[in-house]
Trainee: 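First the structure, which I've put down as C-alpha cells, then a few questions once you've had a look.
Both ligands and their constituent atoms are indexed starting at 1 by order of listing. Side-chain atoms are counted along with the backbone in the values below, which use heavy atoms only and exclude waters and symmetry mates.
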Amino acid sequence: MSALPASPLSGQVAVITGASSGIGRETALTLARAGAAVCLGARRIHLLHEVVKEIEGKGGKALAVQTDVTKRNEVKNLIARAEEALGPVDILINNAGLWYCTTMTGKLDEDDWDTMIDVNCKGVMNAIGAVINGMVARKKGHIVNMSSECGRKGFPGLAVYSGTKFFVEGMSAALRLEVAKHGIKVTNIQPGDVDTPGHAISHDKEAIEKFGAPKGIELMQAVDIAEAVLYAVTQPKRTAVNEVLLSLPEMPF
Ligand SMILES: NC(=O)C1=CN([C@@H]2O[C@H](COP(=O)(O)OP(=O)(O)OC[C@H]3O[C@@H](n4cnc5c(N)ncnc54)[C@H](OP(=O)(O)O)[C@@H]3O)[C@@H](O)[C@H]2O)C=CC1
Ligand SMILES: N[C@@H](C=O)C(=O)O
C-alpha cells in the first residue's frame with residue numbers, strides 16, 4: 001500500500017466546528033499538519049486563537065471564527081468567512097457536540113436535554129445547510145460527522161445523547177445516498193470514550209457514578225480520533241469511508 005504523500009490535504013480547505021477543545025482541536029491540528037487550510041469555529045474564540053497560533057507556528061494556515069453552531073446565521077458566517085479567506089470548503093468536520101450523563105427519570109434535567117438536541121442535531125444541520133449546495137455546485141466535498149458509539153446503540157444515562165447521535169446516523173445514511181451522485185462523501189466517526197474535557201460538564205453525580213466514563217481503563221486520546229478523521233478524508237476518490245467505529249479494547253462494542 002503506497003504511503004500517504006507528505007501533505008495529502010495540500011490545497012484543500014477544511015472547516016472544523018468545536019475546534020476549541022478535545023477532538024475538534026486535535027482534528028484541526030492534524031488536518032493542518034496534513035496540509036489543509038483550516039477554519040475553526042467555536043464559542044470560545046480565545047481558545048481558537050491559541051489553536052490558530054499553534055498551527056501558524058508550524059507553517060500552517062488557519063482562521064478562527066467565533067461561532068455558536070445553534071445559531072444558523074453564525075454558522076453561515078463561519079462558512080462565508082472560510083470561503084472568503086481560504087477558498088471553497090472541501091471538508092466539513094461536524095465535531096461540535098456535548099453530552100450530559102443524566103437519567104430520564106427523577107430530577108429531569110430537561111434543559112440539558114434541549115441543549116444536547118440543539119447542539120448535536122440542529123448544530124450539525126446548520127453546518128450542513130451552510131456548505132452543501134456549494135459542494136454540489138463544485139461536484140466534490142466531504143462531510144465528516146462526529147457521531148459516537150452512542151449513535152450505534154443506546155446507553156443508559158446517555159439516552160437523550162444517544163438519541164442525538166442516532167439522529168446524526170439516520171440523517172447521514174440518507175444524506176450519503178442523496179449526495180453521492182454529486183461526488184460528495186459522508187463519513188461518521190463513532191468513538192467510544194475519549195479522554196477530553198467533554199466529560200466534565202455532566203453534573204448528575206448519581207448518573208455519572210453509574211453510567212459515566214469507565215474508571216481504571218485507559219481511555220482513547222483525542223489524537224486517536226483525529227487520525228481516524230485524517231484516514232477518512234485522505235482516501236482516493238474511488239474509496240468512501242462511511243463509518244469508523246472506535247472502541248476501548250477492554251469494552252468491546
Ligand atoms: N469524548 C468522548 O468520549 C466522545 C466524544 N464524542 C463527540 O466528540 C465531539 C467533541 O467532543 P469532545 O472533544 O469530547 O468534547 P470537548 O468538550 O473537549 O469539545 C467540545 C467542543 O464542542 C464545542 N461546542 C459545544 N457547544 C457548542 C456550540 N453551541 N457552538 C459551537 N461549538 C460548540 C466546544 O466549543 P466551545 O465551548 O468553545 O463553543 C468544544 O470545542 C462531540 O460531538 C462529542 O459528542 C463522541 C464520542 C466519544
Ligand atoms: N463520551 C461518550 C459519552 O459519554 C460518548 O460519546 O460515547
Side-chain angles (χ1 to χ4, degrees), residues 15-30 39-51 64-75 77-78 93-102 112 114-127 130 144-169 172 188-202 204 207-208 210-215 217-226 228-229 243-248 251 253:
V15 173
I16 301 104
T17 65
S20 61
S21 174
I23 294 168
R25 181 181 183 281
E26 282 302 325
T27 299
L29 294 169
T30 299
C39 182
L40 318 179
R43 295 164 302 176
R44 290 172 290 177
I45 188 71
H46 64 289
L47 295 180
L48 290 181
H49 284 315
E50 289 176 13
V51 183
V65 180
Q66 188 167 35
T67 312
D68 180 338
V69 294
T70 66
K71 295 185 169 60
R72 189 171 300 156
N73 64 315
E74 292 192 17
V75 178
N77 174 62
L78 168 67
I93 310 293
N94 263 319
N95 167 79
L98 47 76
W99 67 95
Y100 293 96
C101 187
T102 181
D112 291 348
D114 285 350
T115 301
M116 286 187 275
I117 291 165
D118 288 346
V119 178
N120 298 356
C121 300
K122 295 180 184 176
V124 164
M125 297 319 295
N126 287 338
V144 179
N145 298 315
M146 196 55 64
S147 179
S148 163
E149 64 178 1
C150 294
R152 297 283 297 262
K153 67 182 177 186
F155 283 76
L158 293 165
V160 175
Y161 175 69
S162 296
T164 68
K165 296 300 187 179
F166 268 71
F167 168 85
V168 171
E169 292 292 334
S172 300
N188 285 354
I189 309 291
Q190 304 153 344
D193 281 302
V194 185
D195 182 11
T196 73
H199 293 276
I201 70 168
S202 296
D204 181 336
I208 294 165
K210 287 170 73 176
F211 307 115
K215 295 181 179 61
I217 294 180
E218 184 182 9
L219 302 187
M220 288 181 274
Q221 293 298 311
V223 67
D224 305 333
I225 313 311
V229 173
E243 301 176 48
V244 182
L245 172 62
L246 303 103
S247 299
L248 300 175
M251 295 175 69
F253 184 79

Trainee: Would you say D68 contacts ligand 1, with heavy atoms under 4.0 Å as the rule?
Mentor: yes
Trainee: Any chance you could measure S247, atom OG, to M220, atom CE, to the nearest 0.5 Å?
Mentor: 6.0 Å
Trainee: What atoms of ligand 1 come closer than 4.0 angstrom to any heavy atom of V119?
Mentor: 26 (N), 29 (N)
Trainee: State if H199 counts as touching ligand 2 under the rule of any non-hydrogen atom under 4.0 Å.
Mentor: yes
Trainee: Numbering the atoms of ligand 1 from 1, which are under 4.0 Å from a heavy atom of H199?
Mentor: 1 (N), 3 (O)
Trainee: Which atoms form the tightest heavy-atom contact between G18 and N95, and what is the distance?
Mentor: O-ND2, 3.0 Å
Trainee: Should one rank E26, R43, Q66, R44 by closest heavy-atom distance to atom 25 (C) of ligand 1, which comes out on top?
Mentor: R43
Trainee: In the protein, which heavy atom is nearest to atom 2 (C) of ligand 2, and how far is it?
Mentor: D193 OD1, 3.5 Å
Trainee: Check ligand 1 against T67 and write out every atom of the ligand that is under 4.0 Å from a heavy-atom position of the residue.
Mentor: 30 (N), 31 (C)
Trainee: Taking the non-hydrogen atoms of N95, is any one of them nearer than 4.0 angstrom to ligand 1?
Mentor: yes
Trainee: If you count the atoms of ligand 1 from 1 in the order shown, which ones are under 4.0 Å from a heavy atom of G198?
Mentor: 15 (O), 16 (P), 17 (O), 18 (O)
Trainee: What are the atoms of ligand 2, with element, lying closer than 4.0 Å to any heavy atom of C150?
Mentor: 7 (O)
Trainee: Between T102 and D112, is there a side-chain donor-acceptor contact under 3.5 Å, judged purely by atom types and distance?
Mentor: no
Trainee: What is the closest protein heavy atom to atom 6 (O) of ligand 2, and at what distance does it sit?
Mentor: Y161 OH, 2.6 Å
Trainee: Checking side-chain polar atoms at under 3.5 Å, does Q190 have a donor or acceptor matched by the opposite partner on E169?
Mentor: yes
Trainee: Regarding ligand 1, does P191 bring an N or O atom to under 3.5 Å of one of the ligand's N or O atoms?
Mentor: no
Trainee: Using 0.5 Å steps for rounding, measure from the OG atom of S21 to the CG atom of L47.
Mentor: 7.5 Å
Trainee: What are the atoms of ligand 1, with element, lying closer than 4.0 Å to any heavy atom of G22?
Mentor: 13 (O), 18 (O)
Trainee: Name the option, out of R25, K165, E149, M146, that contains the heavy atom nearest to atom 8 (O) of ligand 1.
Mentor: M146
Trainee: What residue among T17, I23, I189, I16 forms side-chain contact (heavy atoms from CB on, under 4.5 Å) with I93?
Mentor: I16
Trainee: Under 4.0 Å from a heavy atom of I23: give me the atoms of ligand 1 that qualify, with their elements.
Mentor: 5 (C), 8 (O), 13 (O)
Trainee: Tell me whether ligand 1 is touched by S147 - counting only heavy atoms on the residue side and a distance under 4.0 Å.
Mentor: yes
Trainee: Of the choices I93, L219, V194, V69, which has the non-hydrogen atom that lies closest to atom 3 (O) of ligand 1?
Mentor: V194
Trainee: Which value, rounded to the nearest 0.5 Å, describes the distance between S147 atom OG and N94 atom CG?
Mentor: 11.0 Å
Trainee: For atom 4 (O) of ligand 2, what is the nearest protein heavy atom, given as residue, atom name and distance?
Mentor: W99 NE1, 3.2 Å
Trainee: Give the residue and atom name of whichever protein heavy atom lies nearest to atom 5 (C) of ligand 2, and the separation in Å to one decimal.
Mentor: S148 OG, 3.3 Å
Trainee: Please list, in number order, the atoms of ligand 2 under 4.0 Å from a heavy atom of P191.
Mentor: 7 (O)
Trainee: Show the atoms of ligand 1 that are less than 4.0 angstrom away from any heavy atom in S148.
Mentor: 46 (C), 47 (C)
Trainee: Atom CG in N145, atom CG in N120: separation rounded to 0.5 Å?
Mentor: 11.0 Å
Trainee: Counting heavy atoms only, which part of V194 comes closer than 4.0 Å to ligand 2: side chain, backbone, both or neither?
Mentor: neither
Trainee: Could you walk me through whether L248 and D193 satisfy the side chain to side chain contact (heavy atoms under 4.5 Å, CB included) test, starting with their C-alpha distance in whole Å, then the side-chain angles of each, then the deciding distance to 0.1 Å, before giving a yes or no?
Mentor: CA-CA 7 Å; L248 300 175; D193 281 302; 4.0 Å; yes
Trainee: Which ligand 1 atoms does G192 reach within 4.0 Å, using its non-hydrogen atoms?
Mentor: 3 (O), 47 (C), 48 (C)
